[in-house]
Amino acid sequence: MTLRLFNTLTGQLDALVPADGKALRMYACGPTVYDYGHIGNFRTFLQIDILRRFLHLIGTPVFHVMNITDVDDKIIRNAAQAGLPIGEYTARYEQAFFEDLKALRVEIPEQIARATEHIPRMVELIQKLEAAGAAYRTGEGSWYFRLAAFPEYGKLSKKDLSGIEDGARVDVDEYEKDSARDFALWKAAKPGETSWETPIGRGRPGWHIECSAMAMEYLGESFDLHCGGEDLMFPHHENEIAQSETATGKPFARHWMHVRFLLVDGRKMSKSEGNFFTLRDLLLKGYKASAIRLALISVPYRHQLNFTFEGLADATNAIDRLRTFHQRLTAGAFAMGSNQAVQDAAKKAQTDYRDALANDLNTAEARAAIFGFVREANTIIDRGLFHISDRDAALAVLKDFDAVFDVIEDRDAEPTRRALEWAAQSGRQAEVAPALLASQSLTDEAVAALIGERTLAKQQRNFARADQIRAELAEKGVVIEDAKDGVRWKRK
RNA sequence: GGCGCGGUACCCAAGUGGUAAGGGAGAGGUCUGCAAAACCUUUAUGCGCCGGUUCGAUCCCGGCCCGCGCCUCCA
């Protein structure tokens, strides 16, 4: 099975297969670590996670490189405001970023590449460009890429810049450039700013050069796939292509994937709109990490996702449905044998599921295949026609689902606990939802004890007491269900 | 202005030239001490509007309306 993925470069679905026949070599633009990640950032990283997990599901090994931009204008500005060296400043947010990825169950790429650790490679690349006549140095020591040196410029974003006159619609830069569209490769040192002494002068890298240098360092001059948010298509990726292909004379990435931005309540998320949320904001409101994950991956990556709290609640309930089904499978006692109807339905669900994902990562359709199976299986269980071997088949379906979606296995307690710890450390207790605090007040052991007491009360037909305990638990966010095979409970 | 995307039931959201997946929510029912869960029934003769092509269009073409994104180192 091969994944057919939309390729921005060709404008069509192309088969995504490793050029070397072994591992798929991919580069993903990572975060600029100057603040906590927001849900928009994570939608992109989650969709890339879906991609790599699906590749693994169909047996394609992946070598995935992600950069960390740990030096740029915003970082320099914010670190100065915080009175910290940029290394200390970025380390804090880089750590937070990885904690957040872990909470969202995003797999960590095989290779993490920090810009500040690859300065020599960037310098070499700039020197190469200079030798090719595509880079020039300005009076105060900055370096620019000469756009005129790359006639194919615009091929990714389908922009025709030939008609754009210098100076029109382009910010006035503090540095003099030959042409307004020429972009910075290297920025001359300014007093008080972090800089590196190098053969091309003292300064710091421009933004685009780090990705070219690091992608080539770990993946070679040509590689399979480059991904990022849609905003990066232009100018970032366009510039990467220009400088990389000019330097090597070879195609850079063969395949480009861009994840669309999400909207919040129908508008672009922004701090000034008041609809800006970090992952931590949501965890402190009491939403589970798994629900956030599901909400952010259920709409296919090429479609705008409108993020709402209602959607988050929907996702929470959808996960409950899957988890209840899973519990039902594992806890239930089934007779020996198998039911052909279940076996067939399971096979079909798995096929439909994989086909949907293979078709440009259609997560919505893939999800539907799984949920459709869940209902079929539940119906058969209700009729008492579900057998031991059917359980294996059903669990295999859920396993495939979780190999990519990863929301059924409940590992939500840890991210929530960490978020609460973080809130306490950073003085944000006021942001913690009261219901979340209440639900934290009962340990698993305390819940078990109360459930034991309730079971006893029920046996004595003391339903008043039993209901009282149930209400007490409900207040603390614990929901119980009396099933045939025992009491199930979960935290809301 | 240039480039691009989208408008499908109460909400979210797939999809196909042949008659509308899935999730959530609501209502009724089965089951249950009661709940919950699960299941069943139910909620678009209809897929923004108007034309056209076609035996037939939500899906193709044209126009219009509305929303959104990029064109500013914001994922």
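This one's a predicted model, so the numbers in the text were calculated from it and none came from an experiment. Numbers restart at 1 for each chain; the letters A, B, ... are given by sequence-line order, proteins then strands.
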Please write out each protein N/O paired with an N/O of nucleotides 46-48 of chain B under 3.5 Å, distance rounded to 0.1 Å.
none

Pairs under 3.5 Å (N/O, protein and nucleotides 11-18 of chain B):
unit_1: B:C11; atom_1: O2'; unit_2: A:E310; atom_2: OE1; d: 3.4
unit_1: B:A14; atom_1: O3'; unit_2: A:N362; atom_2: ND2; d: 2.9
unit_1: B:G15; atom_1: OP1; unit_2: A:N362; atom_2: ND2; d: 2.8

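Residues from residues 37-49 of chain A lying near RNA chain B, meaning a heavy-atom separation below 4.0 Å, are A:H38, A:G40, A:N41, A:T44 in numerical order.
Residues passing the salt bridge (Lys or Arg N to Asp or Glu O under 4.0 Å) test with A:D265, sequence neighbours excluded: none. Considering only residues two or more places apart in sequence or on other chains, A:H64 meets the side chain to side chain donor-acceptor pair (under 3.5 Å) condition with A:R52. Under the rule for a salt bridge (Lys or Arg N to Asp or Glu O under 4.0 Å), the partners of A:R491 that lie at least two apart in sequence or sit in another chain are A:D444. Under the salt bridge (Lys or Arg N to Asp or Glu O under 4.0 Å) criterion, A:R454 pairs with A:D482, sequence neighbours left out. Take A:E245 and apply the salt bridge (Lys or Arg N to Asp or Glu O under 4.0 Å) test, not counting sequence neighbours, and it matches A:K155. In terms of the side-chain contact (heavy atoms from CB on, under 4.5 Å) criterion, residue partners of A:Q460 (sequence neighbours excluded) are, by chain and number, A:L456.
Helical stems in RNA chain B, defined as runs of 3 or more consecutive Watson-Crick or G-U wobble pairs with donor-acceptor distances under 3.5 Å: B:1-7 with B:65-71, B:10-12 with B:22-24, B:25-30 with B:38-43, B:48-52 with B:60-64.
Within 4.0 Å (heavy atoms only), A:F371 reaches sugar-phosphate atoms of the nucleic acid but no base atom.
Annotation: side-chain hydrogen bond (donor to acceptor under 3.5 Å, both in side chains) contacts involving residues 302-317 of chain A, sequence neighbours excluded, comprise A:R302-A:D360.
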Inset, instruction - Report, as a single string ordered 5' to 3', how protein heavy atoms within less than 4.0 Å touch nucleotides 36-43 of chain B: B base, S sugar-phosphate only, - not at all. - result: BSBSS---
